[in-house]
Amino acid sequence: MSSILPRAFYERPVVEVARSLIGKRLVRRMDGDILAGIILETEAYDGEQDQACHAHSGKTRRNAAMYGPAGHAYIYFTYGMHWLLNCVTGPEEYPAAVLIRALTPVQGLELIARNRQPIAPAHWCDGPAKLTRAFSINGELNGYDLCRGAGELSIMDGIPIPTEDVQATPRIGINYAGEPWKSMPWRFVCTTRPDETPAIIN
DNA sequence: TCTTCGATTGTCT
DNA sequence: GACAATCGAAGAA
């Protein structure tokens, strides 16, 4: 029986949270259905000084959720068609968040399959905008409290991932940011292939 | 008000 | 490997 990650989990430095989120379970509840997946890839965005962070030029309506309390969702729309899911970390009024970039589905596969048709299972959730579509996550959940019990969206204990299976690399798609931000190794990837991850038991 | 461009994906060559 | 799709937010005017 897995449990919801406490708010204290998110009230830590964002890079630390990003690393520890690998292997955790993202859970989406809707209309009595439950979708779940194990997080395989994350990225950390740390404060207004981080040029790659949406908050680098101050607080706006779009990024306001990042300035809120830790443990809430920051979901935004980009490229005119994609929703991306982040979770807010650190102290309130300090804008930092972890982008969930990829996961492997473990529950509610039929519904996920329907959301992602006709894409092959291996590519259902292997990108930040893909997993939001697979899990029916959009702007309505922006600011949602991930620590809320039995809520629509939460993150729970998952499977243990050995430290050596988590690789740190520079972040993706932020060429507009200057150094040193562009090269900060704040992207965390689980190097264990999804089809090799241990089976999940409820 | 106008212009630019993005924490990307999917399709086509 | 290259590029179009597509629209809201941000910054400039």
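All figures in this text were calculated on a predicted structure; none of them were measured in a lab.
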I need the [atom1]-[atom2] distance between [X] and [N], as an integer number of Å.
X        : N     : atom1 : atom2 : answer
A:Asn63  : C:dA9 : CG    : C1'   : 10 Å
A:Trp83  : C:dG8 : CH2   : P     : 9 Å
A:Ile119 : B:dT8 : CD1   : P     : 17 Å
A:Asn86  : B:dT8 : CG    : P     : 11 Å
A:Tyr79  : B:dC5 : OH    : C1'   : 8 Å
A:Phe77  : B:dT9 : CZ    : C1'   : 13 Å

| query | List DNA chain C stems (3 or more consecutive Watson-Crick/G-U pairs, under 3.5 Å)? | reply |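 Looking at DNA chain C, the stems formed by three or more consecutive pairs are B:1-6 with C:7-12, B:8-12 with C:1-5.
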| field | Atom C1', compared across C:dC3 and B:dC5: separation rounded to whole Å | value |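 Nearest-Å result for C:dC3 against B:dC5 at atom C1': 16 Å.
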| task | Check every strand shown and say whether A:Leu99 touches a base, only sugar-phosphate, or nothing at a heavy-atom separation below 4.0 Å. | result |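 Contact class for A:Leu99: base.
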| said: Strictly below 4.0 Å: does A:Ser57 bring a side-chain N or O up to OP1 or OP2 of C:dG11? | reply: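 A:Ser57 to C:dG11 OP1/OP2: side-chain N or O found under 4.0 Å.
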| task | Ignoring backbone atoms, establish whether A:Arg101 has a side-chain N or O less than 4.0 Å from OP1 or OP2 of B:dT8. | result |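 Affirmative; the distance criterion is met.
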| field | salt bridge (charged side-chain N to carboxylate O under 4.0 Å, His left out) evaluation trace for A:Arg7 with A:Asp145 | value | CA-CA 9 Å; A:Arg7 194 162 321 276; A:Asp145 185 0; 2.9 Å; yes
| request: List the steps, then state whether salt bridge (charged side-chain N to carboxylate O under 4.0 Å, His left out) holds for A:Arg29 with A:Asp33. | output: CA-CA 6 Å; A:Arg29 292 188 188 76; A:Asp33 291 311; over 6 Å; no
| request: Could you tell me whether the side chain of A:Pro170 reaches within less than 4.5 Å of the side chain of A:Met184, counting heavy atoms only? | output: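 They are not in side-chain contact.
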| said: Any donor-acceptor pair, under 3.5 Å, between the side chain of A:His54 and the base of B:dA7, if you only look at N and O atoms? | reply: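 A donor-acceptor contact between them is present.
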